[in-house]
Amino acid sequence: MNLEEFKSLIPDFLEGNLSSQDEERMQHFMIQSVEAQKEMDAYKKTWDMLGEWKEIEPDPGYISRFWTRLAQERPWYQKFLEALWDAISNKVVMPVAVAACLVVWVASITLKTTLEVQTTETALTELSGEEFEMMENLELVENYDVIEQMDMLEDTEIIDSLGSFEVS
Amino acid sequence: MHLSDPDTILMLEFQKGDVASFETLMHKYYARILNFLYRFVANREAAEDLTQEVFIRVYKSAATYRPEAQLKTWIYTIAKNIALNELRKGHRHFVSLDEVLPSEEGSFKHQIEDRKAIHPRRELEKQERARAVKRAIDELPENQQLAVVLRRYEDLSHEEIAETMACSVSAVKSLLTRAKLNLKVKLEEYLKND
């Protein structure tokens, strides 16, 4: 081995790319050559020198900044669905929510019925005697137009004629 | 399968809805990913911003994670993709001569403000060497740069780098070999002063 060959093999030697035979040749040459030792030393110093570019420390509070940024990145519907899912999957919240929905539903129906009854009662108390009588015969009043158009006398004549026809 | 890997277990727990497991993973990897990205963008604010982006992607992709991949390399792969996107967008922050890089004994600014500082000249030299290292790494081809950062600063094995970079172990070794040669040439003048 000569110095040029030694130099060309140093990076591979340092990365463990060489065969054990080549490694032995290099180590043997290095013992004999001061230049080879210097060259090997230069590579090691270069690698060590990279350590002079020091690390930096993270700013404190990076975790909370992360959660804030993550929350800002999510669209509103995703946030809503997540909140909904959380509520649904919560073993305590879910039965309470169902019970609350039932109470609201029953209460709203009861309130609606009560209001309707109250309105009807109020309206009835405000009616005059004549209007009240009409209310009692509400069906007749509703069909008043039809009844008015009926010609009762004409119908009687037809009935009478039907009777005479039978006699004859 | 990496079911014996504690990080994988944490991720699987997070998949089941355990947010505390995700925070544990963040505590473990945040500083590492921050520094990994810092080696590419060389700007603290940009690196912080991109690190947050990495963990948002990890959070959102958690459901798709399968323990076939080692969690560490999975996170580094996400970070690598973000770093490369940033480099390709041209958002690399080149080191200016005035920029103060972090060093072992604190920033130079702090040193000159401190009247008790004994070795401001030495600190200046360290700053200059750190800038030279940064420039030398910046000037490497993209894949050599990635391999060097993952090996030298993140201490990943050849196998882990290969998994992160989606290439073979021999390709990683070859990249590192060429990178070491390039770095030696670029930093030679600083080594003479040692």
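Reminder, nothing fancy here: chain letters follow the sequence lines and each chain counts from 1. Any value given below was found using the heavy atoms of this structure, including those in side chains, with hydrogens, waters and symmetry copies removed.
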Between [X] and [Y], is there a donor-acceptor pair closer than 3.5 Å when you use the side chain of the first and the backbone of the second?
{"X": "Ser61(B)", "Y": "Val58(B)", "result": "no"}
{"X": "Lys180(B)", "Y": "Trp47(A)", "result": "no"}
{"X": "Gln15(B)", "Y": "Ala62(B)", "result": "yes"}

Please flag which part of [X] lies under 4.5 Å from any non-hydrogen atom of chain A: side chain, backbone, both or neither.
{"X": "Glu45(B)", "answer": "neither"}
{"X": "Arg39(B)", "answer": "both"}
{"X": "Ser174(B)", "answer": "backbone"}
{"X": "Glu23(B)", "answer": "both"}

Region of Ile10(A) that comes under 4.5 Å of a non-hydrogen atom in chain B: neither
Chain B shares the most heavy-atom pairs under 4.5 Å, among Asp12(A), Leu50(A), Ile63(A), with Leu50(A)
Are the aromatic rings of Phe36(B) and Tyr76(B) close, with centres under 6.0 Å apart? yes
Given the options [options], which has more heavy-atom pairs under 4.5 Å with chain A than any of the others?
{"options": "Leu34(B), Val19(B), Leu187(B), Ile56(B)", "value": "Ile56(B)"}
{"options": "Val172(B), Val148(B), Asp49(B)", "value": "Asp49(B)"}
{"options": "Met26(B), His158(B), Arg44(B)", "value": "Arg44(B)"}

Could you tell me which residues in residues 16-31 of chain A have at least one non-hydrogen atom under 4.5 Å from a non-hydrogen atom of chain B, sorted by residue number? Gly16(A), Asn17(A)
Would you please go through residues 94-105 of chain A and name the residues with a non-hydrogen atom below 4.5 Å from one of chain B, in numerical order? none
